[in-house]
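Numbers restart at 1 for each chain; the letters A, B, ... are given by sequence-line order, proteins then strands.
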There are 2 protein chains.
Amino acid sequence: MVHNDTVERILDAASALFAERGFAETSLRTITSTAGVNLAAVNYHFGSKKTLIQAVFARYLQPFCETLEANLDARIGARAGADELLQCLFDSMLESAERVGEPPQRFMRLLGLAYTQSQEHLRRFIVAEFGAHYSRFTGLLKAALPQLDPVAFYWRLYFMLGATVFTLSSFDSIRAILNSEFERDSSLEQAVDLLVPAISGMLRVEQRPPGSGVPAP
Amino acid sequence: MVHNDTVERILDAASALFAERGFAETSLRTITSTAGVNLAAVNYHFGSKKTLIQAVFARYLQPFCETLEANLDARIGARAGADELLQCLFDSMLESAERVGEPPQRFMRLLGLAYTQSQEHLRRFIVAEFGAHYSRFTGLLKAALPQLDPVAFYWRLYFMLGATVFTLSSFDSIRAILNSEFERDSSLEQAVDLLVPAISGMLRVEQRPPGSGVPAP
DNA sequence: GTATGTTCCAAACGAATGTTTGACCGCAGC
DNA sequence: GCTGCGGTCAAACATTCGTTTGGAACATAC
């Protein structure tokens, strides 16, 4: 599995097709014919379809983790706010996607699939590859939100993850709808600019003591 | 496709298996053997696998739409707040799931799959079945958030949808993690109680004029 | 020139898929 | 008693899937 033209053509095609249709719905024959390579090339270079799926993720995850770590080191002090952390996270995502040379929404799409499709091997692979970096970020975010009890914080982490992955992975569809509805084009950067304050506000909502009302607007 | 024991056994099994593994990953043989019926029964009663998938959704969507409409009529005045509307939405979801007799997180899971799996026929079916009720709710919610411009509102609608579908559909996994981490069990109702104020706060965050900072906590 | 190892390729493999078939059963209506 | 009909069933259907195979093509090393 050396640096190789065939290998990269397969990764490119697989990445796009997986993001578009899902793993089970994308056959190796579709991938190889899109990539313009022989069917047997996948099993020769990657071993199996499962390993190919993992390789597609590794190509995104590795630059993303590196970029995130570097940005956290450079821009985040010991006591960072939730906004700075979120901005740092999304900047790293956009940066690393550019480094890989594929659209960020594709990465988000794949990440969403990793959660929703039944690919236990993939979840294990991602945790092994990404777990440490993920923990560093959530630790910093937790310290930035001391008013939340651990359980509430955990849930809000998932709210954030869901809002992010869901919207950014569907960015192309949403943009198409917005274009036809409001005749105004929008970029992924603009979507992130709307997402960051919204999520930041969601994270900072004061915890409701059981039975009380909600704060006035 | 009359009211029939075999039909309901198939729907039960298909609903559970689809939610667990996805559509493409669940074969008709797995469904029929789980349901204890003959393989040919699916094509006899439903016509095809696609139609079966739609029937699974119809069994959830129809009671949910009825319940939501009734609750909106009963509890929501001309000028309702975002909180009331959200509470009404989630109450309707929990109510209708109980009426169908299946766990709400299963419905959320299926809804998430409808978005992420490539099933164009299913999206068309859901829009046709559910579009009018969806528009009524979003119209009310938009009126409750007059400070948001239409595009920002649209995006926040998706943030809300993502946070909801993602977390509630993964409720079982998240609960398992929380149990092992904090030794405290949690119910779906408690998760909804955490979700409603968080989403409500996210929706009510003031729109940031381009280039300005964020509001203080 | 021969040997060696890597990469590519057409073809086939066995297994699994959604769907169709034709016989069979029970039961109503005349 | 026979007929028609809704429902079930085992078996087979044609595809499609991931994977394997054996050899051709090519470059490099001796």
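Counting to the nearest Å, the C1' atom of D/dT8 and the CZ atom of B/R9 are 13 Å from each other. If you measure from atom CD1 of B/I10 to atom C1' of D/dT8, you get 11 Å, rounded to the nearest angstrom. Between B/F46 atom CZ and C/dG18 atom P the separation is 15 Å, expressed in whole Å. Atom NE2 of B/H121 and atom C1' of C/dG18 are 13 Å apart (whole Å). The distance from atom CD of A/E8 to atom C1' of C/dT7 is 16 Å, rounded to the nearest whole Å. The NZ-C1' distance, from A/K49 to D/dG18, rounds to 8 Å in whole Å. Distance CG (A/L28) to P (D/dT19): 6 Å, rounded to an integer number of Å. Nucleotide C/dT17 holds its P atom 11 Å from the CD1 atom of B/I31, rounded to whole Å.
More than 12 heavy atoms of other residues, nucleotides or ligands sit less than 6.0 Å from atom CD of A/E120. Residue A/E181 places its CD atom among more than 12 non-hydrogen atoms of other residues, nucleotides or ligands, all under 6.0 Å distant. Within a 6.0 Å radius of CD in A/E98, other residues, nucleotides and ligands contribute 12 heavy atoms or fewer.
Less than 4.0 Å separates DNA chain C from at least one heavy atom of each of the following residues of residues 14-26 of chain B: B/T26.
Under the 4.0 Å criterion applied to side-chain N and carboxylate O atoms, A/E66 and A/R99 are assigned as salt-bridge partners. For the pair B/R136 and B/E69, the salt-bridge criterion is met [side-chain N within less than 4.0 Å of a carboxylate O].
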query = Taking protein heavy atoms under 4.0 Å as touching, what does nucleotides 9-14 of chain D look like 5' to 3' if B marks base contact, S marks sugar-phosphate-only contact and - marks none?
reply = BB-B--

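Distances shorter than 4.0 Å separate none of the side-chain N or O atoms of B/S27 from OP1 or OP2 on C/dA16. Between A/H45 and C/dC8 there is a side-chain N or O to OP1 or OP2 distance below 4.0 Å. OP1 and OP2 of C/dG18 both lie 4.0 Å or more from every side-chain N or O belonging to B/S48.
Ring-centre distance between A/Y60 and A/F107: below the 6.0 Å cut-off. Ring to ring, A/F125 and A/F130 are not that close: their centroids are 6.0 angstrom or more apart.
Checked against C/dG18, D/dG18, D/dT8, the side chain of B/Y44 finds its nearest nucleotide in D/dT8.
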task = Applying salt bridge (Lys or Arg N to Asp or Glu O under 4.0 Å), run through A/E102 and A/R59 and close with a yes or a no.
result = CA-CA 10 Å; A/E102 303 208 5; A/R59 197 171 58 148; 2.5 Å; yes

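In this structure, the side-chain contact (heavy atoms from CB on, under 4.5 Å) partners of A/D172, at least two apart in sequence or on a different chain, are A/Q105.
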